[in-house]
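All of these numbers come straight from a predicted model, not from anything done at the bench. Order of appearance sets the numbers: ligands from 1, and atoms from 1 within every ligand.
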Amino acid sequence: MIRDNLKNINRSIEYYAQQRKEFTFPVKLLAVSKTKPVEAIQQAFVAGQQAFGENYVQEAIEKIQFFEAKNIYLEWHFIGPLQSNKTKLIAEYFTWVESIDCIKIAKRLNEQRPKNKTPLNVLIQINISHEASKSGVSPSELTQLATEICQLPQLRLRGLMAIPEINTENNEEHRSFEKMYQLYQNLVEQFPNEQIDTLSMGMSQDMQAAILAGSTQVRIGTALFGSRNR
Ligand SMILES: *Cc1c(COP(=O)(O)O)cnc(C)c1O
């Protein structure tokens, strides 16, 4: 089941990526495994998937420890809301954090990232649909935050993440994706000495539009692992 889903998703990603004229880079799949058991992750891993996204710290650590005990080192991305009291565990266990939206949290992650590990890869989350309930910085705050993050030696700024409002009128969402691509391009130009190569946007519902607009990484949960109860 998961194996077949993975194959189909990878095929779709490749198909949409080939349809775009302007972009030549490949699109990476992040398997969002929140609320799913280690057995599901194991199936995806055996079928070739390496990168997994988690939203809840405690749940994620248990899974990470389960695999590390078997000497299986997966690429774990934290994609959920960040709380100050959880940053230590995130800095120790994850390779990527995609939901940075304030300098205070970034500084904590920088201080708490173990010195014997490579810098933590981070994405700045943008609140592109201006939703009051969503986390993320507004586009006008981006340059300031990016500049400050680039001063932190144990963090490596890799790009941007967004969760645009799912809109039944596809155009509105499409505009959000296009705005994100513009912000991402600006960031690449503003910080030529940084390794900025990741624009994380697109989920099960809107993967196609995101890829066509220039996404470099889609975050897929439901289409891979089935629906969630919470
Ligand atoms: C849950 C989640 C996803 C996956 O969403 P699906 O619709 O299940 O593909 C992607 N990104 C973030 C930030 C999430 O919280």
Open item on the list: If you define the side chain from C-beta out and look only at heavy atoms, does anything of Ile13 sit under 4.5 Å from Val218?
Closed with: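 Ile13 vs Val218: side chains touch.
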Open item on the list: For a quick check under 3.5 Å, do Ser176 and Glu173 share a side-chain donor-acceptor pair by atom type?
Closed with: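 On atom types as modelled, these side chains do not qualify, holding no pair under 3.5 Å.
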TODO: Output the list of atoms in ligand 1 that are nearer than 4.0 Å to some heavy atom of Asn55, sorted by atom number.
DONE: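 Going through ligand 1 atom by atom, the ones under 4.0 Å from Asn55 are 14 (C), 15 (O).
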- [ ] Run the numbers on Glu59 and Lys34 for salt bridge (Lys or Arg N to Asp or Glu O under 4.0 Å), then give the verdict.
- [x] CA-CA 8 Å; Glu59 175 195 329; Lys34 63 181 176 211; over 6 Å; no
- [ ] Please examine the side chains of Thr35 and Tyr56, heavy atoms only from C-beta on, and report whether any two atoms are closer than 4.5 Å.
- [x]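 They are in side-chain contact.
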Task: Closest approach of any protein heavy atom to atom 9 (O) of ligand 1, naming residue and atom - done: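 Its nearest protein heavy-atom neighbour is Ser204 OG, 2.5 Å.
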Task: ligand 1 to Met203 polar contact by distance, N or O atoms, under 3.5 Å - done: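 Between Met203 and ligand 1, no N or O pair is found under 3.5 Å apart.
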Open item on the list: At less than 4.0 angstrom from any non-hydrogen atom of Ile163, what atoms of ligand 1 do you find?
Closed with: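 Going through ligand 1 atom by atom, the ones under 4.0 Å from Ile163 are 13 (C).
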Task: Residue, atom name and distance, where the atom is the protein heavy atom closest to atom 11 (N) of ligand 1 - done: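 In this structure, atom 11 (N) of ligand 1 has Arg219 NE, 2.8 Å as its nearest protein heavy atom.
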Open item on the list: Could you identify the single nearest non-hydrogen protein atom to atom 2 (C) of ligand 1 and state the distance to 0.1 Å?
Closed with: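 Atom 2 (C) of ligand 1 sits closest to the protein heavy atom Lys34 NZ, 2.5 Å.
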- [ ] May I ask you to say whether Lys63 pairs ionically with Glu68, meaning some side-chain N is under 4.0 Å from a carboxylate O?
- [x]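 Looking at Lys63 and Glu68, the cut-off is not met.
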Open item on the list: Students should be able to answer this: which protein heavy-atom is nearest to atom 8 (O) of ligand 1, and at what distance?
Closed with: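 Protein heavy atom with the smallest distance to atom 8 (O) of ligand 1: Thr222 OG1, 2.5 Å.
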- [ ] Could you list which atoms of ligand 1 come closer than 4.0 Å to a heavy atom of Ile220?
- [x]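 Within the 4.0 Å cut-off of Ile220, ligand 1 contributes 9 (O).
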Open item on the list: So if I count the atoms of ligand 1 from 1 in the order they appear, which ones are less than 4.0 Å from some heavy atom of Ile79?
Closed with: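 What qualifies from ligand 1 is 11 (N), 12 (C), 13 (C), 14 (C).
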Task: Arg228 and ligand 1 - part of the residue with a heavy-atom distance under 4.0 Å - done: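 For Arg228, only side-chain atoms sit under 4.0 Å from ligand 1.
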Open item on the list: I'd like to know whether the aromatic ring centres of Phe94 and Trp76 sit less than 6.0 Å apart in this structure.
Closed with: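 They do not qualify: ring centres at least 6.0 Å apart.
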Open item on the list: side chain to side chain donor-acceptor pair (under 3.5 Å), that's the test. Do Arg158 and Asn121 meet it? Break it down for me.
Closed with: CA-CA 6 Å; Arg158 298 293 294 271; Asn121 298 294; 2.8 Å; yes
